[in-house]
Novice: 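Next up is a structure, given as structure tokens.
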Amino acid sequence: MAVVSTRAGRLGNRIAIAAVIVVTLIFLSPIYWITSTAFKPLVLATSVPPTVVFEPSITPFVKLFTKRAQLTTPVDPAVYEAAPWWEKLVLDGGERLSRDGRGEVVFSAYPDRFANSLIIAVTSTLLAVSLGTITAYGFSRFRVKGEADLLFFILSTRMLPPVVVAIPMFLMYRAVGLNDTHIGLIILYTAFNVSFAVWLMKGFIDEIPKEYEEAALVDGYTRMQAFFKIVLPEAATGIAATAVFCFITAWNEYAFALILSNRRAQTAPPFIPSQVGTGLQDWTVIAAGTVLFLLPVAIFTFLLRNHLLRGMSFGAIRK
Amino acid sequence: MTSLITTLDPRSRAASRGWSDTTIRNVFVIPTVAFLIIFNVFPLLYSLGFSFTDFRASSKAQVNLVGFKNYVDVLADPVIWRTFTTTLWYVIVSVTGQFVVGFGLALLLNRPLPYKGLLTTLLMLPMMLSPVVVGLFWKLIYDPSWGILNHALGLGRVAWLSDANLALYAVAITDIWMWSPFVMLLSLAGLSAVPKHLYEAASIDRAGKLYTFFRITLPLVAPILLIAVIFRTMEAFKTFDIAFVMTGQPAAELISSRLYKMAFQQWQTGPSSALAYIILIMVLCITNIYVKYLNKAKER
Amino acid sequence: MRKTIAGLLAGASLMTIGAISAQAQELTILWAEWDPANYLQELVNEYQAETGVAVTVETVPWPDFQTKAFTEFNAQGSAYDLVVGDSQWLGAGSLNGHYVDLTEFINANNLAEVMAPATMQYYSEYPGGSGTYWSVPLEGDALGWTYRKDWFEDPAEMEAFKAKYGYDLGVPQDFKQLIDIAEFFHRPDENRYGAAIYSQNQGDAIVMGVENSVFAYGGSFGDYESFQVTGLLNSPESIEALEDYRKLFTFGPPGWGNSFFAEVNTAVAQGQVAMGMNFFAFFPALVNEATNPHAANMGFFANPPGPRGDDFAALGGQGISLVSYSQNQEEAMKFLEWFIKEETQERWAELGGYTAHGAILESEKFRTATPFNEAFFQTMFKVRDFWALPEYAELLTEAADAFYPYVVNGEGDAKTTLDTLATTWVDTLQAAGYPAQ
């Protein structure tokens with residue numbers, strides 16, 4: 001809250017706003033490129049020189065939700081005429097829709113994977129943030145034997161490169177039957193995020209003056225009531241930030257999802273780039289999958305924006 | 001046990017109601033610590049154990065103890081050393097970049113702004129993407145023929161990812177783009193926590209802007225900023241997806257890529273476990289330094 | 001809040017239980033994500049219509065295919081009943097007990113005669129010449145070339161070419177001509193380049209490309225039976241081949257240092273290059289008007305012979321193997337029986353798969369079905385492959401690490417590169433217990 005009452009301050013403020021807008025535009029340009037690719041015909045996605053202006057089409061999204069195969073012979077005009085509009089889009093793109101034994105169109109795994117991602121990311125975020133918050137409170141307010149070492153241990157669980165843990169993790173999961181289950185990935189992502197949540201939440205809770213709770217205790221609150229009614233609301237910014245970060249990490253995790261899960265519990269990140277194998281890498285479908293997959297996190301963050309920005313109010317003490 | 005609790009006298013009125021502080025502490029702390037120990041102990045011991053053997057996860061051949069041979073071999077391998085120094089340099093470039101851009105953005109944003117919530121959300125979009133997808137699309141963006149970057153900036157045919165001198169920086173730019181928002185958001189949370197009355201006092205004292213910044217803002221934001229930097233450093237050390245997807249230049253090969261090749265392509269489980277432990281120890285040391293600073297910053 | 005968590009957890013556990021109970025009459029095949037896997041899914045859908053057994057082709061992105069498959073194998077996972085594995089996996093698959101021995105099945109159905117000889121030799125038999133078989137050849141594949149017919153047939157270009165090189169511009173008759181043509185069309189000012197080849201050093205890309213020319217030049221990657229490496233890998237022929245591969249690389253588009261099949265096809269489809277080297281399985285996209293604006297002008301040819309007339313090409317492709325940890329082996333065998341039927345193989349070829357069935361391959365119908373099938377047919381009788389030992393991946397990574405700095409960055413020279421690699425390979429092979437020299 002820099003002081004903005006002077007003329008120089010107002011000018012500085014304007015420069016700052018202009019700078020923010022410029023930086024935001026720079027940051028968004030790659031996102032724009034991905035989004036625009038999601039509406040391009042395949043040939044234009046890699047045109048030389050790059051294509052900026054084009055007629056948008058939703059073909060990539062139709063392709064994203066269907067199972068397809070590259071046409072080897074031109075499509076029969078009669079078949080083309082009989083096809084619904086969305087199948088025509090796919091045929092125009094040089095591919096045919098795969099059909100099952102009964103002749104029904106086969107849908108891609110994208111919706112299932114997306115649902116898996118939602119279940120796993122939401123649950124593990126709730127768990128990691130809850131555990132992280134109470135643990136951080138415990139460390140912040142009470143004396144714990146070997147506190148520094150324990151905290152460092154918690155931090156260190158995130159230091160080992162995941163590549164190495166993958167094989168033992170796989171063996172461990174198979175032994176207890178957690179392979180390819182939602183619970184397995186939920187536990188994994190919770191473990192992965194909880195260390196981060198503890199550290200971040202401790203940073204925030206340490207900043208909340210102890211006097212608040214002590215005043216409440218004197219007023220007849222129990223320690224638990226003080227925690228729920230005083231500390232948690234004060235820590236809202238921290239909780240929001242931690243939740244956003246944990247959700248993003250769980251939402252996008254790739255390596256373990258690929259190795260520890262197959263088609264039952266696998267999340268979307270390993271599916272989205274799988275389109276790279278077709279004779280011509282289908283950038284448009286990857287982009288479409290990415291854009292849709294970005295929406296839940298973006299919405300989640302946007303909904304929490306006020307909490308993220310509110311900061312901690314130190315009202316009572318300073319009045 | 002009661003002697004551990006200092007905030008309240010155990011015989012006081014408050015503590016006698018509901019759970020005791022000891023119970024709360026135990027309930028709050030023990031499950032998480034126990035969960036992390038149980039969850040990590042097997043993978044850690046597995047890797048540690050096999051780092052002293054010639055085990056290959058792909059083979060049913062007899063496993064032999066080889067002592068410290070794997071560690072010696074790994075440390076004697078010039079390729080490993082090259083990737084170590086590359087990674088170190090990459091971490092420095094990338095984390096510094098994220099710090100400067102992220103903290104700078106937070107300073108710019110730390111004022112009343114129209115649509116601030118929307119702006120912040122938009123700025124955070126890069127870190128919401130999956131690293132593999134980021135790698136793929138930046139590869140597309142950087143391409144000298146069909147990439148938009150050279151075209152938009154009128155740079156001709158700069159081969160960002162194929163040029164041995166540029167590749168590492170190109171990857172770092174992508175990483176900075178992706179993760180500056182992380183530093184930004186945490187800095188912003190820290191900055192908004194700086195009590196206004198301190199600034200008011202400073203402005204009454206007619207303290208210079210720089211003085212206010214270094215004497216008031218920075219010390220108060222430092223703890224949360226350091227946490228951001230700790231996590232980014234740890235993650236940058238482990239950077240894998242982005243770099244692996246984007247470039248094959250040996251000059252830009254990071255230690256995690258080498259580790260991945262050893263562990264999953266060549267199935268040298270023993271040596272790769274040893275390398276993982278060496279990396280772990282390095283990250284531990286570096287993090288330890290940060291944590292010391294963090295504790296110092298908090299004492300102020 | 002707490003209710004939500006409980007609800008979600010309950011939901012998640014129900015899903016898990018539901019999934020476990022629904023395993024009967026189901027088969028899962030693991031393959032990489034690419035067009036042939038889509039064709040295979042279409043084919044097995046027909047199997048389901050016939051028998052009621054649901055077969056799913058589960059796919060993994062190419063760069064992760066090996067990782068995913070071998071993590072499952074090494075942990076003896078039963079998630080997959082069948083796997084369409086790379087030819088180099090045979091050693092690891094058979095010696096480490098991941099694959100079921102199919103010798104009896106192969107012999108009972110006389111597949112050694114029915115399938116093209118090269119496919120049985122490289123996709124199924126291990127060790128070489130032992131008569132023990134581990135897979136049914138599923139997707140034949142090898143490296144071939146595509147070229148721009150309109151550029152090659154342009155009278156002005158033909159005249160200029162003849163004037164410069166003294167012979168007619170056309171489909172290259174040997175590798176040296178191929179390099180001349182690449183050089184001739186390499187005009188960065190016009191945004192036209194000579195040839196797009198493989199250069200990626202992750203996985204097998206650059207090694208496949210180098211292998212392709214080494215074999216054609218009469219060089220070799222070593223004797224796979226006697227483990228003789230020194231003098232073969234770094235023979236004068238191999239050195240010359242590597243030098244020319246580097247030369248060919250310099251006639252590629254700018255920033256070509258991380259290129260594999262997708263990049264090659266993109267460069268071809270964007271009209272940037274005169275020629276492109278790729279696996280045949282990736283060519284359908286190039287004759288498709290919707291994905292390649294130059295589709296009508298694409299021509300194809302088999303890997304040309306080298307300067308001394310040696311005529312070989314690098315093998316790709318895969319056989320389908322039965323995973324020994326599968327709990328549905330009986331059902332999987334029934335599927336294989338259906339798969340090897342001639343009608344099935346014909347249908348497979350029709351859908352877009354590259355059948356290994358000898359009679360179908362040789363049929364006029366197959367050879368004229370697409371502009372590249374004839375070149376594919378010719379290639380499949382002159383293929384050679386990389387090492388297929390369980391340790392192949394180590395050799396592969398070492399080779400990629402060695403080739404890349406020379407081919408892409410122009411560091412050092414071909415002789416040193418191959419001499420050093422030969423020493424490295426001998427060490428690796430000896431460490432693994434082979435009598436390598």
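Predicted model only: the values in this text are computed from it and were never measured. Residue numbering restarts at 1 for every chain, and letters A, B, ... go by the order of the sequence lines.
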Novice: My understanding is that only residues two or more places apart in sequence, or in another chain, count here; which of them pass side chain to side chain donor-acceptor pair (under 3.5 Å) with B:R56?
Specialist: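 In terms of side chain to side chain donor-acceptor pair (under 3.5 Å), with neighbours along the sequence ignored, B:R56 is linked to C:E394.
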Novice: With a 4.5 angstrom heavy-atom cut-off, is it the side chain or the backbone of B:I230 that approaches chain A, or both, or neither?
Specialist: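 The answer is the side chain of B:I230.
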Novice: Taking all non-hydrogen atoms of both residues into account, name the closest pair between B:V27 and A:I134 and its distance.
Specialist: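 So the two residues come closest at O-CD1, 4.3 Å.
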Novice: Checking B:S180 against chain A: side chain, backbone, both or neither under 4.5 Å from a heavy atom?
Specialist: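 For B:S180, the side chain is the part near chain A, not the backbone.
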Novice: Quick check on B:T120 against chain A: is it the side chain, the backbone, both or neither that has a heavy atom closer than 4.5 Å?
Specialist: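 The side chain, not the backbone.
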Novice: Quick check: closest heavy atoms across B:K238 and A:P162, and the distance to 0.1 Å?
Specialist: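 For B:K238 versus A:P162, the nearest heavy atoms are CD-CD, 3.9 Å.
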Novice: Any idea which of B:Y46, B:F42, B:F264, B:F50 has the most non-hydrogen atom pairs under 4.5 angstrom with chain A?
Specialist: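 Top count of heavy-atom pairs under 4.5 Å with chain A: B:Y46.
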Novice: Looking at A:L28 and B:L122, what are the two nearest heavy atoms and their distance?
Specialist: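 Nearest heavy atoms, A:L28 then B:L122: CD2-O, 3.5 Å.
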Novice: Applying the side chain to side chain contact (heavy atoms under 4.5 Å, CB included) criterion to B:L125, which one of A:T301, A:I31, A:T24 satisfies it?
Specialist: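 The single option meeting the side chain to side chain contact (heavy atoms under 4.5 Å, CB included) with B:L125 is A:I31.
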Novice: Sort A:L188 into side chain, backbone, both or neither according to what part of it lies under 4.5 angstrom from a heavy atom of chain B.
Specialist: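 Backbone plus side chain of A:L188, per the 4.5 Å heavy-atom cut-off to chain B.
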Novice: Using non-hydrogen atoms and a 4.5 Å limit, figure out which bit of A:F139 sits close to chain B: side chain, backbone, both or neither.
Specialist: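 Interface part for A:F139: both.
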Novice: Over 60° means perpendicular and under 30° means parallel, so tell me whether A:F245 and B:F182 are parallel, tilted or perpendicular.
Specialist: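 Ring orientation of A:F245 relative to B:F182: tilted.
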Novice: Considering only heavy atoms, which portion of A:L44 lies under 4.5 Å from any heavy atom of chain B: side chain, backbone, both, or neither?
Specialist: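 Answer is neither: A:L44 stays 4.5 Å or more from chain B.
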Novice: Side chain, backbone, both or neither: which part of B:I30 has an atom under 4.5 Å from a heavy atom of chain A?
Specialist: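 Neither part.
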Novice: Measure across A:T46 and B:W146 and return the closest heavy-atom pair with its distance rounded to 0.1 Å.
Specialist: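 Shortest heavy-atom contact: O-CB, 3.2 Å.
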Novice: Sort A:I187 into side chain, backbone, both or neither according to what part of it lies under 4.5 angstrom from a heavy atom of chain B.
Specialist: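 Both parts, backbone and side chain.
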Novice: State, to 0.1 Å, how close B:M128 and A:I248 come at their nearest heavy-atom pair, and which atoms those are.
Specialist: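 What the structure gives for the nearest pair is CG-CD1, 3.8 Å.
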Novice: Which region of A:V48, side chain (C-beta onward) or backbone (N, CA, C, O), has a non-hydrogen atom less than 4.5 Å from a non-hydrogen atom of chain B, or is it both or neither?
Specialist: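 For A:V48, heavy atoms of backbone and side chain both lie under 4.5 Å from chain B.
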Novice: Side chain, backbone, both or neither: which part of A:F300 has a non-hydrogen atom closer than 4.5 Å to chain B?
Specialist: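 Looking at A:F300, nothing touches chain B.
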Novice: Less than 6.0 angstrom separating the ring centers of A:F142 and B:F28, yes or no?
Specialist: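 Judged by ring-centre distance (under 6.0 Å), A:F142 and B:F28 do not meet the cut-off.
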Novice: Sort A:F27 into side chain, backbone, both or neither according to what part of it lies under 4.5 angstrom from a heavy atom of chain B.
Specialist: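 Interface part for A:F27: both.
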Novice: Taking side chain as everything from C-beta outward and backbone as N, CA, C, O, which of these in B:F137 sits under 4.5 Å from a heavy atom of chain A? Side chain, backbone, both or neither.
Specialist: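 Its backbone and side chain both get close to chain A.
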Novice: Select, from B:L119, B:I227, B:L123, the one with the greatest count of heavy-atom pairs under 4.5 Å involving chain A.
Specialist: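 Maximum pair count with chain A is reached by B:L123.
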Novice: For chain A, find which of B:L105, B:L129, B:L107 contributes the most heavy-atom pairs closer than 4.5 angstrom.
Specialist: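 Looking at each option in turn, the highest pair count goes to B:L129.
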Novice: Could you report the tightest heavy-atom contact between A:P30 and B:I141, atom names first, then the distance?
Specialist: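 Residues A:P30 and B:I141, closest heavy atoms: CB-CD1, 4.0 Å.
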Novice: Side chain from CB out, backbone as N, CA, C, O: work out which of these in A:L151 comes under 4.5 Å of a heavy atom of chain B, or both, or neither.
Specialist: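 Neither the backbone nor the side chain of A:L151 comes within 4.5 Å of chain B.
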